[in-house]
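Everything below concerns the one structure shown next.
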Amino acid sequence: HRGQPQPDGVRRRGSGELMRTGDQHGFSLIEVLVTMLLMMVVFGATLSLLDAFQNDNRLDQLRNETQDNARNTMDRLARQLRNVVAPTNGVVISPGALEEAQPYSIAFETVDTLKTAAATNKNNVMRVRYCLDASKLKNEVLWEQVARWSGPEAPPLPTNSACPDKTAGDWEATAQVVRRLTNKYPAGQPRPLFVYSASGIPQIVSVETNVYIDVSPGHVRPGESQLTSGVSLRNANRPPIVSFTVTPRSGQAELNASSSYDPDGLALTYKWWQDGTLLPTTAQRYTTTAAGGVHGTHTFKLEVTNPGGLTGEETKTETLPL
């Protein structure tokens with residue numbers, strides 16, 4: 001049988017006995033290495049996707065928490081502004097409802113709804129200040145500061161403009177209320193935190209709050225969000241607007257204050273002066289009756305007062321003909 005071909009799977013032993021062998025096919029080392037490499041690529045991609053998902057989920061949760069804090073703070077600010085108390089200086093009511101009105105800082109007196117003051121603080125008033133700390137542009141912080149007193153009059157508004165004001169004795173409580181704000185980020189693009197209805201404190205009757213939030217500045221996701229809220233100041237006491245004319249009338253002068261008005265539509269009372277002398281009238285219009293006429297140069301002054309005790313005045317120097 002040595003010269004005859006043998007069937008597949010059969011080989012001859014040394015003694016001439018035939019022995020059947022198994023199939024010797026399998027994976028080569030290169031195939032095994034390639035398979036392992038592909039598995040590592042797929043596994044790495046899966047881990048990357050999982051990590052990206054977890055990071056996005058964390059940022060979304062952080063953004064939601066920050067937005068909730070901002071909404072709660074804006075709601076509290078709105079309630080405090082609705083209960084604003086016009087500040088007083090002794091017995092004189094100060095014009096306007098606010099004590100400070102800056103793009104990134106606001107201060108006012110409001111009714112304290114959390115604590116009861118001493119009996120001498122009859123209106124249970126406290127002072128509140130909100131300010132933005134932008135020392136870290138990618139993580140700006142909104143601070144709330146509160147001051148309470150037991151006396152009948154409020155202490156003067158602190159003059160330290162730092163945010164927060166850490167001067168001892170100025171504020172009873174200081175707390176971070178919202179973090180991760182980006183109102184001033186990027187640098188050179190400031191966006192006011194507070195926007196007012198007028199440029200001067202006495203005429204401000206509404207305040208708008210704009211909060212910009214970004215938990216990952218400089219990255220596309222999750223992106224920046226904006227929250228806006230506005231409130232009208234119900235207890236704003238605006239001073240009157242004063243204006244009058246002087247018209248010559250046959251050697252006399254007709255004084256007319258009909259162009260004066262109160263921004264809140266309140267009635268006004270009038271006082272007139274001529275050359276430093278109080279004239280005997282409280283009318284809106286008055287014609288001087290000085291003997292011999294009032295020709296020549298004279299100084300006239302008008303003071304108007306609203307029911308809230310706020311006043312405004314204007315002075316004019318006129319040369320009247322014969």
Can you find a heavy atom in the side chain of [X] that is under 4.5 Å from one in the side chain of [Y]?
{"X": "Phe300", "Y": "Leu302", "answer": "no"}
{"X": "Met126", "Y": "Gln80", "answer": "yes"}
{"X": "Lys184", "Y": "Tyr104", "answer": "yes"}
{"X": "Pro152", "Y": "Lys122", "answer": "no"}
{"X": "Arg127", "Y": "Val146", "answer": "no"}
{"X": "Leu98", "Y": "Val207", "answer": "yes"}
{"X": "Arg238", "Y": "Asp262", "answer": "no"}
{"X": "Leu227", "Y": "Arg71", "answer": "yes"}

Backbone N/O of [Y] and side chain of [X]: donor-acceptor pair under 3.5 Å:
{"X": "Asn69", "Y": "Val178", "answer": "no"}
{"X": "Asn124", "Y": "Asp112", "answer": "yes"}
{"X": "Glu65", "Y": "Leu62", "answer": "no"}
{"X": "Thr182", "Y": "Lys138", "answer": "no"}
{"X": "Ser197", "Y": "Val205", "answer": "yes"}
{"X": "Thr282", "Y": "Tyr270", "answer": "no"}
{"X": "Gln252", "Y": "Thr287", "answer": "no"}

In terms of hydrophobic clusters joined by side-chain contacts under 4.5 Å, are [X] and [Y] together?
{"X": "Leu193", "Y": "Leu137", "answer": "no"}
{"X": "Val177", "Y": "Leu77", "answer": "yes"}
{"X": "Leu266", "Y": "Leu310", "answer": "no"}

Verify side chain to side chain donor-acceptor pair (under 3.5 Å) between Gln67 and Ser225, making sure each step is shown before the conclusion. CA-CA 9 Å; Gln67 289 178 346; Ser225 56; 2.9 Å; yes
If you take all heavy atoms of Pro240 and Pro263, which pair is closest and at what distance?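 Minimum heavy-atom separation between Pro240 and Pro263: CA-CD, 4.0 Å.
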Would Glu140 and Arg179 count as a salt bridge (charged side-chain N to carboxylate O under 4.0 Å, His left out) if you check the C-alpha gap in whole Å, the side-chain angles of each, and the deciding distance to 0.1 Å? CA-CA 6 Å; Glu140 301 162 24; Arg179 299 176 58 194; over 6 Å; no
Within the 3.5 Å criterion, strictly below it, is a donor on Ser206 or Ser232 matched to an acceptor on the partner's side chain?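 There is no such pair (donor and acceptor under 3.5 Å, judged by atom type) between the side chains of Ser206 and Ser232.
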Using only heavy-atom distances, determine whether the side chains of Asn256 and Ser258 contain a donor-acceptor pair under 3.5 Å.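 A donor-acceptor contact under 3.5 Å links the two side chains.
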Applying side chain to side chain donor-acceptor pair (under 3.5 Å), run through Thr305 and Thr311 and close with a yes or a no. CA-CA 4 Å; Thr305 306; Thr311 62; 5.2 Å; no
Mind checking who shares a hydrophobic cluster with Val42, ILVMFWY linked at side-chain heavy-atom distances under 4.5 Å?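 Via sub-4.5 Å side-chain contacts, Val42 links to none.
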Residues sharing Val85's hydrophobic cluster, by side-chain heavy-atom contacts under 4.5 Å among ILVMFWY, directly or via others?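 Listed partners: Val111, Val125, Trp149.
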Residues two or more places apart in sequence or in another chain: which of them pass ring pair (Phe, Tyr, Trp, His ring centres under 6.0 Å) with Trp272?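 Ring pair (Phe, Tyr, Trp, His ring centres under 6.0 Å) list for Trp272, sorted by chain: Phe244.
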Sequence neighbours left out, what passes salt bridge (charged side-chain N to carboxylate O under 4.0 Å, His left out) with Lys301? Give chain and number order.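 Only Glu313 meet the salt bridge (charged side-chain N to carboxylate O under 4.0 Å, His left out) criterion with Lys301.
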Considering only distance and modelled atom types, tabulate donor-acceptor pairs under 3.5 Å from the side chains of residues 157-164, sequence neighbours left out.
| unit_1 | atom_1 | unit_2 | atom_2 | d |
| --- | --- | --- | --- | --- |
| Asn160 | OD1 | Ala162 | N | 2.9 |
| Asn160 | ND2 | Asp165 | OD1 | 3.0 |
| Asn160 | ND2 | Thr167 | OG1 | 3.0 |

Would Glu208 and Thr228 count as a side chain to side chain contact (heavy atoms under 4.5 Å, CB included) if you check the C-alpha gap in whole Å, the side-chain angles of each, and the deciding distance to 0.1 Å? CA-CA 7 Å; Glu208 181 181 286; Thr228 302; 3.9 Å; yes
Could Arg191 and Tyr212 be counted as a cation-pi pair, given that NZ or CZ must be under 6.0 Å from the ring centre and within 45° of the axis?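 Here Arg191 passes the 6.0 Å and 45° test against Tyr212.
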More than 12 foreign heavy atoms under 6.0 Å from NZ of Lys316: is that the case here?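 Enclosed: over 12 neighbouring heavy atoms sit under 6.0 Å from NZ of Lys316.
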Atom CD1 of Ile30 with >12 non-hydrogen neighbours under 6.0 angstrom: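 Not buried by this count: 12 neighbours or fewer within 6.0 Å.
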Could you give all pairs that pass the ring-ring contact (aromatic ring centres under 6.0 Å, His included) test and reach residues 171-211, with sequence neighbours left out?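 Of all non-adjacent pairs touching residues 171-211, none passes ring-ring contact (aromatic ring centres under 6.0 Å, His included).
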